[in-house]
Structure formats: structure tokens, C-alpha cells
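Let me begin by presenting the structure, written as C-alpha cells, before commenting on it.
From a predicted model like this one, the values you see are computed outputs, not experimental measurements. Start at 1 with the first residue, then count along the sequence.
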Amino acid sequence: MNKSLIATIIASAMLTACSNSQAPIDPSIKQVTVQAQVQTQAVLSDDDAADDSVVWFNQTDAANSLVIGTNKRWGLEVYNLDGQRVQQLPVGRVNNVDLRNDVTGQYDSIAAASNRTNKSISLFSINAEGTLVQTGDVATGLNDPYGICMGQVQGVNYVYVNDKDGRYQQWRVDTLSTATKVREWALPAQPEGCAVDDVTGVLYFGIEEMGLYKMSAAADAPTDWQLIDATGAGRLVADIEGIDIYRTDEYQLLLTSSQGNNSYVIYQLDANTTPVGIVRVGDGASIDGTAETDGIAVSAHLLPGFEKGIWVIQDGVNTAPAANQNFKYVSMADVLMQLGLD
């Protein structure tokens with residue numbers, strides 16, 4: 001992307017950022033409130049500690065599926081579907097995490113986390129029972145590895161990692177402990193959350209103060225990216241944080257965390273990435289709602305109590321009971337029903 005275009009984008013972003021808090025919500029988009037069904041135990045560290053998560057689906061026994069969450073002051077914390085902590089991995093200040101199934105026959109699943117302690121991509125194997133084992137660290141050369149996601153493109157697993165300074169890298173996973181950098185580019189401002197649609201080969205990412213974008217996830221593709229939705233346009237309010245994809249035969253949706261107004265914007269994965277609704281998670285009888293959300297994760301797998309999938313949302317202000325931050329589990333069936341999509 002040429003320098004003059006980047007300068008124009010930055011100037012536009014600065015104007016947008018100034019108007020974010022006053023931007024009226026688009027009246028044409030449906031707004032709904034849902035409640036969490038389950039919440040995890042609070043993370044082990046206090047203050048701003050919980051961040052991102054990913055759902056690991058147990059193909060043998062869905063009831064034993066897991067949620068892997070980052071404690072960005074300490075390591076990974078793993079929870080069952082009842083929200084109970086079942087494993088702890090003190091591996092450093094891991095900020096974001098994602099996973100994919102194996103494509104080589106070496107292991108069951110592999111997870112990758114952005115590790116700010118040693119400026120690396122930390123890799124983990126996940127066996128058939130859901131036990132995580134750290135298998136290696138890939139040095140990135142980034143000053144502050146921040147956001148991360150994984151994608152499976154043309155039968156190959158990749159890791160996409162970014163830095164607060166706007167640099168983005170794409171790494172091909174070679175083994176459980178090694179990866180090769182295949183592409184690098186730069187954005188004009190700070191990114192974090194991202195998600196890859198393995199079906200279409202598209203990388204979706206946020207620039208926190210600016211909006212939601214997309215580009216090709218292929219290793220040999222040009223690094224051209226395009227805007228989907230800008231902050232200040234009546235839907236997204238900075239920071240743009242967590243991003244994930246909900247895909248079934250019936251639904252193809254992109255979910256994004258709009259941290260600045262404690263909401264989540266959902267888009268159809270059609271040619272125009274059309275916005276279909278704004279969701280908030282409100283207080284329930286025994287579980288509080290969510291606020292100041294960083295990362296989100298969604299899985300379309302059928303799970304006990306979540307017959308159309310589970311949406312995991314980091315809660316930055318955990319109040320019922322008052323405790324360290326945690327993660328809330330929301331039923332995608334409730335979301336689809338409230339939005340009139342079911």
C-alpha cells in the first residue's frame with residue numbers, strides 16, 4: 001500500500017477516533033441482548049489479565065470439549081464446559097491464542113499463542129483427551145507479539161501474528177516446534193484480533209482505532225487489504241478487539257468485539273460482509289454480563305447445552321461475584337433466535 005494512501009487512512013482514523021464516543025448507533029441494524037449460560041472460574045492473575053480464548057472440540061466425546069484462555073500476565077488456563085479450570089500452563093505473557101487440527105498426521109491439534117515474554121509464537125500440541133503440552137517457541141523478531149490467529153489454507157496450517165507497531169507476519173507451521181515465515185507486511189496503526197475463514201481463504205483483522213478489514217490469507221497473495229466497516233460509522237466503537245467466524249451449512253457469520261460500547265457486531269459473510277445485528281450480553285440471575293471485552297471465540301460444533309454452538313467472551317469487569325476477570329459462555333442458539341436468523 002502506497003504512503004499517500006496510508007497517510008489518508010491515518011488522517012481519517014484520527015477524525016473517526018475523535019467522534020467514536022458520540023457516534024449514534026445505526027438505527028437500521030437490529031440490537032439484542034442475550035445472557036451467558038456459564039462462566040469460567042476467574043483467572044489466576046488480578047487486574048487486566050484475561051484476554052483471548054479458543055474452543056477445542058473433542059471429536060470422541062463432545063461433552064469433554066475445552067476452552068483454552070489466555071492469562072496475559074502468566075500463561076494459559078484451560079476450562080471445561082462447566083467453566084471449571086482443568087489445566088494451567090505458566091508459559092509467559094501470552095496475549096492471544098488459536099488452534100487448528102493437524103494436517104500432517106503428527107498430532108491431534110496444534111495451538112499457537114503470542115508470547116510477549118520471549119517475543120515468540122508459543123506452540124502447543126493437544127492430544128485426543130485435550131491435554132496441552134508446550135512443544136516449542138518460534139522467535140518472531142517482533143518487539144511485542146500481540147494478536148494471533150491460525151488458518152488452514154490449501155491444506156497447510158499457518159499462524160498470523162502482529163505487533164503493536166503495525167507489523168504483521170504469516171508463518172507456515174512445519175512441525176510441532178518449528179515454523180517458517182512466508183509473508184510480512186505493515187499496517188498504519190495498532191492491530192490485534194484476527195480470524196481466518198478456512199473455506200474462502202480470507203483473513204479478517206481489526207485495526208483497533210480504525211475498523212474491520214480483510215485480505216487474502218494465502219502465503220503467495222499480495223498484501224492488499226480492504227475496509228469492511230469503520231469505527232464511527234454507527235456500529236463499531238474502538239477498540240476493535242476479538243474477531244472470530246461462525247460457519248455451518250446454514251450460517252456464515254463474522255463476530256467482532258466492539259470494546260468501546262461493550263457490544264459485538266455480527267456480519268454475514270456475503271460479498272458485502274453485511275452487518276446483521278449488534279449483540280450485548282446482559283446480567284442474568286447468577287451470571288453478570290460482559291464489558292470491556294478483549295478476545296472472543298466461537299465454535300459451531302454441537303455441544304451439551306449449546307446445541308448450535310458456543311460463543312466464549314472475555315469479561316473485563318467480572319462482578320457476579322466480584323472477582324478477577326473471566327470468560328462467559330453464550331449459546332449461539334440464543335443469539336440466532338434473538339437476531340431472527342434461526
Side-chain angles (χ1 to χ4, degrees), residues 34-44 50-71 75-89 97-103 105 107-113 124-134 150 152 195 198 242 244-251 253 255 264 279 281 284-290 295-315 318 320-321 323 325-338 341-342:
V34 298
Q35 296 176 348
Q37 306 302 307
V38 176
Q39 66 177 336
T40 69
Q41 291 179 294
V43 296
L44 298 171
D51 197 290
D52 194 30
S53 63
V54 66
V55 180
W56 176 80
F57 177 65
N58 188 319
Q59 300 183 55
T60 302
D61 183 359
N64 285 324
S65 298
L66 300 169
V67 171
I68 304 166
T70 62
N71 175 338
L76 292 178
E77 303 190 28
V78 184
Y79 307 91
N80 61 22
L81 294 183
D82 292 326
Q84 300 300 303
R85 188 182 296 105
V86 297
Q87 190 178 359
Q88 308 166 25
L89 292 92
V97 64
D98 204 0
L99 65 79
R100 283 298 185 271
N101 292 329
D102 175 40
V103 290
Y107 44 85
D108 293 294
S109 301
I110 184 169
F124 306 82
S125 66
I126 310 173
N127 67 15
E129 289 73 44
T131 301
L132 275 74
V133 175
Q134 186 178 13
M150 293 190 69
Q152 199 169 98
D198 294 351
D244 210 354
I245 291 167
Y246 177 79
R247 178 178 281 281
T248 68
D249 291 340
E250 188 175 0
Y251 306 102
L253 302 173
L255 287 66
Y264 313 90
V279 179
V281 181
S286 59
I287 301 175
D288 59 308
T290 60
I296 62 173
V298 66
S299 171
H301 288 293
L302 276 63
L303 303 171
F306 302 92
E307 64 272 16
K308 287 193 175 181
I310 186 173
W311 184 5
V312 182
I313 301 175
Q314 183 262 1
D315 182 16
N318 187 23
Q325 296 176 342
N326 70 350
F327 301 92
K328 265 64 174 184
Y329 300 173
V330 172
S331 167
M332 278 304 295
D334 290 348
V335 174
L336 296 170
M337 180 182 67
Q338 291 289 344
L341 298 176
D342 60 349

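Within the model, atoms CG of D102 and CD1 of I110 stand 8.0 Å from one another, a figure rounded to the nearest 0.5 Å. Interatomic distance, CG of L132 versus OG of S125, reported as 7.0 Å (0.5 Å rounding). In this structure, the separation between CE on M332 and CG on L253 is 6.0 Å, given to the nearest 0.5 Å.
Annotation for G130 and Q87: closest pair O-OE1, 4.1 Å, computed over non-hydrogen atoms. Between L99 and M150, the closest heavy-atom pair is CA-SD, 3.7 Å. Smallest separation of non-hydrogen atoms from A62 and L81: O-CD1, 3.7 Å. Here the closest heavy-atom approach between residue W311 and residue L255 is recorded as CE2-CD2, 3.4 Å. Closest heavy-atom contact between V43 and A50: CG1-CB, 3.7 Å. In plain terms, the two heavy atoms of F124 and Q134 that are nearest each other are CD2-CA, 3.5 Å.
Using modelled atom types, one side-chain atom of Q41 and one backbone atom of R85 make a donor-acceptor pair closer than 3.5 Å. Checked by atom type and distance alone, the side chain of E77 pairs as donor or acceptor with a backbone atom of L44 at under 3.5 Å. A donor-acceptor pair under 3.5 Å links the side-chain atoms of D52 to the main chain of V97, judged by distance alone. Of the possible donor and acceptor atoms, none in the side chain of D51 sits under 3.5 Å from a partner among the backbone N and O of T70. Formation of a donor-acceptor pair under 3.5 Å by the D82 side chain with backbone atoms of Q84 is not found in this model. Within the 3.5 Å criterion, the main-chain N or O of F327 finds a donor-acceptor partner in the side chain of T40. S65 places a side-chain N or O within donor-acceptor distance of the main-chain N or O of N58, the cut-off being under 3.5 Å. No side-chain donor-acceptor contact under 3.5 Å links Q39 to the backbone of D315. Between the side chain of Q338 and the backbone N or O of L336 there is no donor-acceptor pair closer than 3.5 Å.
For the pair V78/L89, a side-chain contact is recorded, criterion being any heavy-atom separation below 4.5 Å from C-beta on.
Checked options L341, V330, V281; the residue passing with V335 is V330 (criterion: side-chain contact (heavy atoms from CB on, under 4.5 Å)).
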Exercise. Begin with the C-alpha distance, continue with both residues' side-chain angles, and end with the deciding distance and a verdict on side-chain hydrogen bond (donor to acceptor under 3.5 Å, both in side chains) for T290 and Y264.
Key: CA-CA 10 Å; T290 60; Y264 313 90; 2.6 Å; yes
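At a cut-off of 3.5 Å, with distance as the only test, no side-chain donor of D198 or Q152 sits close to an acceptor on the other residue.
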